[in-house]
Amino acid sequence: MTNPIKIAIFGAGRWGTHLIRNFNQHPHAELIAIADPHFQRLQTVKERLNLNERVKLETDWLKVIHGYELDAVVIATPASTHYTLISEALERGYHVFAEKPLTLKLSESQSLCNLAKQHNRQLFIDHTYLFHPAVAQGQAVIEQGRLGQLRYGYATRTHLEPIRQDVDVLWDLAIHDLGIFSTWLGQKAVEVQATGTVWLQPDRSFDLNSPSFPVSNQISGLSDLVMATIRYESGFQAFLHFCWLNPDKQRRLAVVGSEGTLIFDEMLKDQPLTLQRGYLETINDGWKAAGVECEKVEVEPREPLAQVCDRFLNCVRQNQVCSVSSGEVGTDLVRVLCGLSESLQQGGKPIKL
């Protein structure tokens, strides 16, 4: 494929606007149409990004899928709408770029992966953090063995708003850190555990399913705070903290080893990745810290979302699966989230995946 890839984007909200900007500016993409049920939102995006008059604005996504000549669609709509939109696009023969999570139901994610294979089309999931230069550099540090023996990890992701009304804080925030840990460790989660607290929306609910759930299982109350534990194949454990009612905004993840701790702190824009070195020496009948020093790990300043969009276009041109953001990667993360939700519903019971 040598001509520009013809793209339609569904969803012109906060994240959809970032995607519109990136694909509109990319030399190998041609933005054909944008669909959003709120026409005023479409007009606002058009003016803000100074879009070409040739870009069509539609409030009916079906009209776009069936009425325009496209190569791919980009879906930045609520996760509850993904299955319908993605399956329709794949059936029409379009490649698909979808916001995460892929779906809220494991069976639907698996079905979409099979459908993409059946039609020989790419199903690409926007796991933006996995394209962050700090994550790529952190993976290199771990693979080089600079942390020594890996012991455990932890992450905190908190803020004060936005508050979602379609899913809980677990489904809103956890997928980022789950993706990073899985990538850095090169392992899959085998057991999960979670507890949560609901303050704002005890009467709201949403449906999901997992291997041990019934086909449909309604989650009652949207948790505002979740504490989770993930155990991986090697026995490595990660402890996660998510809250969207905390004015102490944090975006911090760490892996602790026998010779140091690798820290990814997104709030430190100029130096998001550091290696805190240190180990214990045996002194008489006790231990003493040694080799304590902080090493800044250089990170190339690149916009992660721009890398995501570029990789998707390359995958479409070559019709080649992306190992970082494939439908299968997205499905595995949905599997972990379903397990965590099951544990949440059962008061923190450990769930094997």
- Message: As a quick check of understanding, evaluate side-chain hydrogen bond (donor to acceptor under 3.5 Å, both in side chains) for His82 and Glu108, giving each step before the final call.
- Response: CA-CA 9 Å; His82 284 187; Glu108 290 182 347; over 6 Å; no
- Message: Walk me through whether Arg251 and His159 qualify under side-chain hydrogen bond (donor to acceptor under 3.5 Å, both in side chains).
- Response: CA-CA 9 Å; Arg251 296 286 186 272; His159 57 238; 2.8 Å; yes
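Partners of Lys100 under the salt bridge (charged side-chain N to carboxylate O under 4.0 Å, His left out) rule, at least two apart in sequence or in another chain, do not exist in this structure. In terms of the salt bridge (charged side-chain N to carboxylate O under 4.0 Å, His left out) criterion, residue partners of Glu328 (sequence neighbours excluded) are, by chain and number, Lys117. Scanning for salt bridge (charged side-chain N to carboxylate O under 4.0 Å, His left out) contacts around Asp265 gives Arg252, with sequence neighbours left out. Glu300 meets the salt bridge (charged side-chain N to carboxylate O under 4.0 Å, His left out) test with Arg302; sequence neighbours excluded. Taking the side-chain hydrogen bond (donor to acceptor under 3.5 Å, both in side chains) definition, one finds that Thr81 meets it with Thr77, sequence neighbours left out.
The backbone N or O of Ser107 sits nowhere less than 3.5 Å from a side-chain atom of Ser111 that would complete a donor-acceptor pair. Side-chain atoms of Gln118 never come within 3.5 Å of backbone atoms of Glu91 as a donor-acceptor pair (strictly under, hydrogens ignored). Within the 3.5 Å criterion, the main-chain N or O of Ile75 finds no donor-acceptor partner in the side chain of Glu99.
Applying the side chain to side chain donor-acceptor pair (under 3.5 Å) test to pairs two or more places apart or on separate chains, those with a residue in residues 180-192 are Gln187-Ser234, Glu191-Lys352. For residues 239-249, the pairs satisfying side chain to side chain donor-acceptor pair (under 3.5 Å) are Asp224-Trp244, Asp248-Gln250, with sequence neighbours left out. Within the structure, side chain to side chain donor-acceptor pair (under 3.5 Å) contacts touching residues 268-281 (residues at least two apart or in different chains) are Arg277-Glu295. Within the structure, the salt bridge (Lys or Arg N to Asp or Glu O under 4.0 Å) test picks out the following pairs touching residues 33-50 (sequence neighbours left out): Asp36-Arg41, Lys46-Glu53. Pairs passing the side chain to side chain donor-acceptor pair (under 3.5 Å) check and including a residue from residues 120-137, sequence neighbours excluded, read Trp15-Asp126, Asn120-Asn319, Gln122-Asn319, Asp126-Thr128, Tyr129-Arg157, Tyr129-Glu266. Residue pairs meeting the salt bridge (Lys or Arg N to Asp or Glu O under 4.0 Å) criterion with at least one partner in residues 10-27, sequence neighbours excluded, are Arg21-Glu303.
Using the six-membered ring where Trp is involved, Phe312 and Phe23 have ring planes that are perpendicular, over 60° apart on the 30 and 60° scheme.
The environment of OH in Tyr152 is sparse: at most 12 heavy-atom neighbours from other residues, nucleotides or ligands sit within 6.0 Å. The number of heavy-atom neighbours closer than 6.0 Å to CD of Gln144, taken from other residues, nucleotides and ligands shown, is above 12.
Under a 4.5 Å side-chain heavy-atom cut-off, the cluster of Ile, Leu, Val, Met, Phe, Trp and Tyr residues that includes Ile283 has no other member.
Side-chain contact between Leu225 and Trp199 is present, with heavy atoms from C-beta onward closer than 4.5 Å. Within the 4.5 Å cutoff, the side chain of Asp166 has no heavy atoms near those of the Trp171 side chain.
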